[in-house]
Amino acid sequence: MENDFDKIINREGTNSVKWDARKALFGSATALPMWVADMDFDHPDSIKQALHELIDHSILGYALPSDQLIKSIAEWQKSRHQMTISEENLLFAPGVVGALGVCVQALTLPKEGVMIHDPVYTPFSSIVEHNGRTLYRSPLFIENGQYKMDLQHIEEMFKTHSIKLFLLSNPHNPGGRVWSREELLELTALCVTYQVVLVSDEIHSDLVYSDSTIYSPVTLDDQYKEWVVTLHSATKTFNLAGTKLAFYIVYNEEIKNKLQFVQSQTEQGGVSTFGMTATEAAFSKSEGWQKALLTYLEENRQIVMDFFDKELPDVFYMKPESTYLFWFDASILNIDSKQLKQTFVDVGDIALNDGQSYGESSGQFMRLNFACPKSVLLDGLNRIKSVFESVR
């Protein structure tokens, strides 16, 4: 049945990173995997049908992005994100992380500065460092239970260092924060003033809950189009990571040419036929499924918060305004950050992401993925509870 998010799907033995890498990554083949941002839900019938038709009727050779694919992306971005784009504004990529790497290589020189928030999605830092650029971190601070940008610190760093690029997670991973319009206006204005290109990773921007509103920096002022590169993909919202397709939205012709040059150097412009087919079906035929998904995730979000409020009232957490990721502080366990992840495995037999991998400021946090059937979620929450009860 379409939209049966309570259905248990056995993913073991399917070469799933989430399920089949547990022994290698966590030391337990039975740990409940609630870590990597990968949902345990069946896909929309529209996407599966489109992929079946591709297999049945096509030779799987090299393929070009179709007019229908480009139209589906343009219409989705217009209706969801108030973004007007044409084919000339699009570049394709196998994934958003690879696209981040292309941006770093194309828009900075070795040793030049790239700024990120701390904490933030792990590849933001590794991509900068692996490409021989200088990494600058701007620590987020917590106010009213949510992360906020330290815009004063960002401006001071722009003034005193050779920073050419800012990588923004919008909305924020792992904290689930949806940045306010005011924060994004001020951040983007700073980038324009100090001639820093802003790369906005918006792969989670279609997973925003009903009590929040997402903004894309490029839409806030026409002048920002010259300084913002937006990265997006259907893969997170529709659980299509294995189909490998993302895209850049870029208005500045000079920036676009630089990105295309590095794509040609690294062969990072070719994309999967399966990704093109799945993305088109997602954006043009699967809106109903996406709405049902958000309803289910919002219910799961409430279950998680209610559980922590009742069963673990001393544990601080951030209410996710977006994503299906729950960010909680395990510092009351008084365990070294390097041992936290393994403690949850050893005591609760649950696999979570550890905060230390997201930045220097979040070593005591853990990240829980709640995109799973409710019965699995409740099992996971009780395992987490067992850790706090056993260790304290």
> Any side-chain hydrogen bond (donor to acceptor under 3.5 Å, both in side chains) pairs touching residues 172-198, not counting sequence neighbours?
Replying inline: Glu155-Tyr194, Asn173-Arg367, Arg177-Glu183, Arg177-Glu321, Ser180-Glu183
> Any Lys/Arg nitrogen of Arg80 or Glu287 sitting under 4.0 Å from an Asp/Glu carboxylate oxygen of the other?
Replying inline: yes
> So, Lys236 and Asp206, do they make that salt bridge, N to O below 4.0 Å?
Replying inline: no
>> Test side-chain contact (heavy atoms from CB on, under 4.5 Å) on Tyr224 and Leu185; report intermediate values, then the result.
In response: CA-CA 9 Å; Tyr224 296 167; Leu185 276 168; 3.9 Å; yes
>> For His117, run the ring pair (Phe, Tyr, Trp, His ring centres under 6.0 Å) check against Phe124, Tyr147, Phe166, Tyr136 and tell me which one passes.
In response: Phe166
> Which residues satisfy the ring-ring contact (aromatic ring centres under 6.0 Å, His included) test with Trp35, sequence neighbours excluded?
Replying inline: Phe26
> Is a salt bridge present between Asp38 and Arg11, judged by a nitrogen-to-oxygen distance below 4.0 Å?
Replying inline: yes
> Salt bridge or not for Lys385 and Glu311, using N-O below 4.0 Å?
Replying inline: yes
> Which ring pair (Phe, Tyr, Trp, His ring centres under 6.0 Å) pairs, counting each pair once, include a residue from residues 350-381, with sequence neighbours left out?
Replying inline: Trp327-Tyr358, Trp327-Phe365
>> Applying ring-ring contact (aromatic ring centres under 6.0 Å, His included), can you list everything that pairs with Phe307, at least two apart in sequence or on another chain?
In response: none
> Checking Lys374 against Tyr296: charged group under 6.0 Å from the ring centre and within 45 degrees of the axis?
Replying inline: yes
>> Any salt bridge linking Lys319 with Asp211? Criterion: basic side-chain nitrogen under 4.0 Å from a carboxylate oxygen.
In response: yes
> Are Arg301 and Tyr324 in a cation-pi contact, defined as NZ or CZ under 6.0 Å from the six-membered ring centre and within 45° of the axis?
Replying inline: no
>> Among residues at least two apart in sequence or on other chains, which ones pass ring-ring contact (aromatic ring centres under 6.0 Å, His included) with Tyr121?
In response: none
> Is there any side-chain hydrogen bond (donor to acceptor under 3.5 Å, both in side chains) pair reaching into residues 249-277, and which pairs are they, with sequence neighbours excluded?
Replying inline: Glu226-Asn252
> Is the shortest side-chain N to carboxylate O distance from Asp306 to Lys310 below 4.0 Å?
Replying inline: no
